[in-house]
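Chain letters run A, B, ... following the sequence lines, proteins first, then strands; residues in each count from 1. Because the structure is predicted, anything quoted here is derived from the model rather than measured.
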Amino acid sequence: MPELPEVETVKLALVPALQGRMVRHAHVGRKDLRWPLPENLAERLTGRYFTQLGRRGKYVLMMLDNAEVLLLHLGMSGSIRIHQTPPQLGKHDHFMLEMAPLHDQEPTSYIVLNDPRRFGWIDLFAESEMPNHKLLSGMGPEPLGNEFSAAHLRAVLRGRTGPVKNALLNQQLIAGIGNIYASEALFYAGISPRRKAGTIAGRRAQRLAASIVSVLRAAIEAGGTSLRDHVQPGGEIGYFVQRLAVYGRAGQPCPVCAEPVKTLVQSGRSSFYCSRCQG
DNA sequence: CGGCATCCCTGGGAGC
DNA sequence: TGCTCCCAGGGATGCC
């Protein structure tokens, strides 16, 4: 489900739900998602408050007042919902933060993590451990940050013999791109998903880098892409699904040349492309 | 190291 | 309505 724009949408929605509140209660529904949850997670969160929210790739990073970090990853099917009243927890609501206001006039907020497939995960660790964190270290630069450029793209793709589509999914090279935006970015750059990653240079690298940035930015503005599971934390769908050019549109006309959109499977995952526009 | 298949898990939709 | 099969926004792991 959630790629960089969806995770960014989640992060933005969490800010007002966390601000001016402390954890009155943390509910842990099961001891494992993809991996075992941190020991004593609920106890370690109770009474704490969040000082800052960040995002790295597809991870939400929630800084606590005791210099620990709560990390959330939503996997394929994870979503966050924020409620103003105590919610009825369903079968796949695995984790909830009850955030009590520090000032009486504000409502309590209830932040619920739902994840049917349980490919998501949660971690809690000291901020000082961040640089050597197993999941975070080794991640490529943020595509919307200063370190990302056509030159960087060129450098990390150089020498790679696999298809560029697969390289875009590799979080070690660039953070945050998933199956939807890999197809979309390649479409806007006019590059075939089959092209060998190592042959992306010069103008192609320029176009691809620019397409990655613009498609991610546009998706964030639209509140992300809602397919099945993903909704914004307030329950709104993300409207970017209506603006996808090729992803999920097999057989439908290419928005540029009307040629039917094709699919292929690469490393077990579907790619969508226009055979005329993407050379 | 790079590339690829396999596996983790549940549910929704298509097709019969 | 019900069954089966296939597919799904991710990524770790293990094999070549």
* Should A/N179 be listed as having a side-chain N or O under 4.0 Å from OP1 or OP2 of C/dG10? -> no
Subject >> Flag side-chain contact, heavy atom, 4.5 Å: A/V7 against A/Y59 >> reply: no
Of the listed C/dA12, C/dG10, C/dA8, the closest approach to the A/S270 side chain comes from C/dA8
### Query
Does A/H73 have a side-chain nitrogen or oxygen under 4.0 Å from the phosphate oxygens OP1 or OP2 of C/dG10?
no
Practice task
Is it possible for you to say whether A/M139 and A/F148 belong to one hydrophobic cluster, with membership spreading through side-chain heavy-atom contacts below 4.5 Å?
Solution key: no
Practice task
Could you tell me whether the side chain of A/F50 reaches within less than 4.5 Å of the side chain of A/V23, counting heavy atoms only?
Solution key: yes
- Query: Contact class for A/D115 vs. all strands (heavy atom < 4.0 Å): base, sugar-phosphate, or nothing?
  - Reply: nothing
The nucleotide from C/dG10, B/dG11, B/dC4 with an atom nearest the side chain of A/P116 is B/dG11
Rounded to whole Å, the CG-C1' distance (A/D123 to C/dG10) equals 17 Å
note: A/R56, atom CZ; C/dG10, atom C1'; distance rounded to Å ~ 16 Å
Whole-Å distance, A/F119 CZ to B/dG11 P, equals 12 Å
* To do: Please determine if a side-chain N or O atom of A/Q171 lies less than 4.0 Å away from the OP1 or OP2 oxygen of C/dG10.
  => no
Practice problem: Please report the C-alpha distance between A/F125 and A/L71 in whole Å, then the side-chain angles of each, then the deciding distance to 0.1 Å, and finally whether the side chain to side chain contact (heavy atoms under 4.5 Å, CB included) criterion is met. | Solution: CA-CA 8 Å; A/F125 52 91; A/L71 171 153; 3.9 Å; yes
May I ask you to say what A/K196 touches in the nucleic acid, namely base, sugar-phosphate or nothing, with a heavy-atom cut-off under 4.0 Å?
-> nothing
From the candidates B/dC9, B/dC4, B/dG2, the one with an atom nearest any side-chain atom of A/S267 is B/dC4
Among the nucleotides C/dT13, B/dG2, B/dC4, whichever has the atom closest to the side chain of A/K134 is C/dT13
Of the listed B/dC9, C/dA12, B/dG11, the closest approach to the A/Y59 side chain comes from C/dA12
Between A/H133 and A/D123, does any side-chain donor sit less than 3.5 Å from a side-chain acceptor? yes
For B/dG11, does OP1 or OP2 lie under 4.0 Å from any side-chain N or O of A/H92? yes
Rounded to whole Å, CD of A/Q266 lies from C1' of B/dA5 at a distance of 15 Å
Tell me what A/R160 touches on the nucleic acid: a base, only sugar-phosphate, or nothing, going by heavy atoms under 4.0 Å. sugar-phosphate
- Query: Hey, is the side chain of A/R269 pairing donor to acceptor with the base of C/dA8 inside 3.5 Å?
  - Reply: no
Atom CD of A/E3 and atom P of C/dA8 are separated, to the nearest Å, by 13 Å
Rounded to whole Å, the CE-P distance (A/M76 to C/dC7) equals 13 Å
field: Rounded P spacing from C/dC7 to B/dA5 in Å
entry: 15 Å
Here the distance between atom P of C/dG11 and atom CZ of A/R34, to the nearest Å, is 9 Å
A/E142 meets the side chain to side chain contact (heavy atoms under 4.5 Å, CB included) criterion, sequence neighbours left out, with A/L4, A/R55, A/R56, A/A175
Ranking C/dA12, B/dC9, B/dC4 by distance to the side chain of A/P163, first place goes to B/dC4
The Watson-Crick or G-U wobble partner of C/dT13, with both key distances under 3.5 Å, is B/dA5
Here the distance between atom P of B/dT10 and atom NZ of A/K91, to the nearest Å, is 8 Å
Of the candidates C/dA12, B/dG3, C/dA8, the side chain of A/Y247 sits closest to C/dA8
Closest of C/dG11, B/dC9, B/dG2 to the A/K58 side chain is C/dG11
*Taking the six-membered ring for Trp and the full ring for Phe, Tyr or His, determine whether the centres of A/F95 and A/H27 are under 6.0 Å apart.*
no
Notebook entry, point to check: Does a nitrogen or oxygen in the side chain of A/T161 sit under 4.0 Å from OP1 or OP2 of B/dG3?
Noted result: yes
